[in-house]
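As structure tokens, the structure follows; a few thoughts come after it.
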Amino acid sequence: MDRYAPKPNIKKGDEVLVLAGKDRGKQGTVNRMVIKEDRVRAVVGGVNFVKKHTKGRPGVRQAGVVEMEAPLHVSNLMLICTQCGKPTRVGKTQLPDGRRARVCKKCNEVIDRS
Ligand SMILES: [Zn+2]
């Protein structure tokens, strides 16, 4: 990962709340992380659809308008805690076995599934 990129608090498979943009308030699951230079973005299922106009390529795809999910910047997403079900900020902790884990700032429970 780029040394300028802060380690994202959000990972693939997380349930997140959208904080900004036209889909503010929607929730979805992170399908894919898009990490590019200093930006970390996430594709969230069912959120931030954009219409993309594509040129047809014979045998590959049809020309026309395709709707697809555009990646959202992680700063516009908030993790939904798997323990208390609330959108929350994320802290870090060290587990007794030495592994690092994410912690919910609301309920102080460890979020990561082992
Ligand atoms: Zn919680």
Side-chain angles (χ1 to χ4, degrees):
M1 189 186 293
D2 193 280
R3 67 199 149 106
Y4 298 114
K7 198 173 181 337
N9 287 328
I10 285 168
K11 295 199 273 196
K12 187 176 166 184
D14 282 344
E15 195 75 19
V16 292
L17 173 72
V18 180
L19 301 176
K22 65 183 165 76
D23 283 333
R24 183 170 45 198
K26 278 195 190 171
Q27 295 180 6
T29 306
V30 175
N31 285 337
R32 195 156 57 87
M33 297 300 290
V34 183
I35 298 166
K36 202 178 177 189
E37 289 151 19
D38 58 341
R39 278 171 302 166
V40 184
R41 294 180 298 166
V43 177
V44 181
V47 170
N48 202 31
F49 275 103
V50 289
K51 286 200 170 78
K52 219 176 167 172
H53 298 262
T54 57
K55 224 184 233 182
R57 273 211 273 152
V60 181
R61 59 174 183 235
Q62 285 216 298
V65 183
V66 196
E67 284 207 64
M68 57 180 293
E69 290 137 337
L72 292 149
H73 196 268
V74 286
S75 64
N76 293 329
L77 301 173
M78 192 170 244
L79 180 67
I80 294 171
C81 175
T82 52
Q83 304 300 319
C84 65
K86 292 177 195 151
T88 183
R89 286 183 301 123
V90 177
K92 291 275 165 74
T93 191
Q94 201 154 16
L95 297 173
D97 64 4
R99 284 181 306 144
R100 308 271 288 160
R102 296 179 300 170
V103 174
C104 172
K105 292 264 194 187
K106 288 221 168 107
C107 65
N108 290 316
E109 293 290 335
V110 171
I111 288 168
D112 289 281
R113 310 131 285 205
S114 47

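Order of listing sets the numbers, starting from 1, for every ligand and every atom in it.
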Worksheet item: Out of T82, D14, T88, T93, which one pairs with R102 under the side-chain contact (heavy atoms from CB on, under 4.5 Å) rule?
Response: D14
Worksheet entry | SB check R100 D112 (cutoff 4.0 Å) | no
Fill in: Heavy atoms from other residues, nucleotides or ligands near NZ of K51 exceed 12 (cutoff 6.0 Å)
no
Worksheet item: Sorted by chain and residue number, which protein N/O/S atoms are under 2.8 Å from the Zn ion (ligand 1)?
Response: C81 SG, C84 SG, C104 SG, C107 SG
Worksheet entry | K105: salt bridge (charged side-chain N to carboxylate O under 4.0 Å, His left out) partners, not counting sequence neighbours | none
Worksheet item: Hey, is the main chain of A63 close enough, under 3.5 Å, to the side chain of T54 for a donor-acceptor pair?
Response: no
Worksheet item: Is the count of non-hydrogen atoms from other residues, nucleotides or ligands lying under 6.0 Å from K55 atom NZ greater than 12?
Response: no
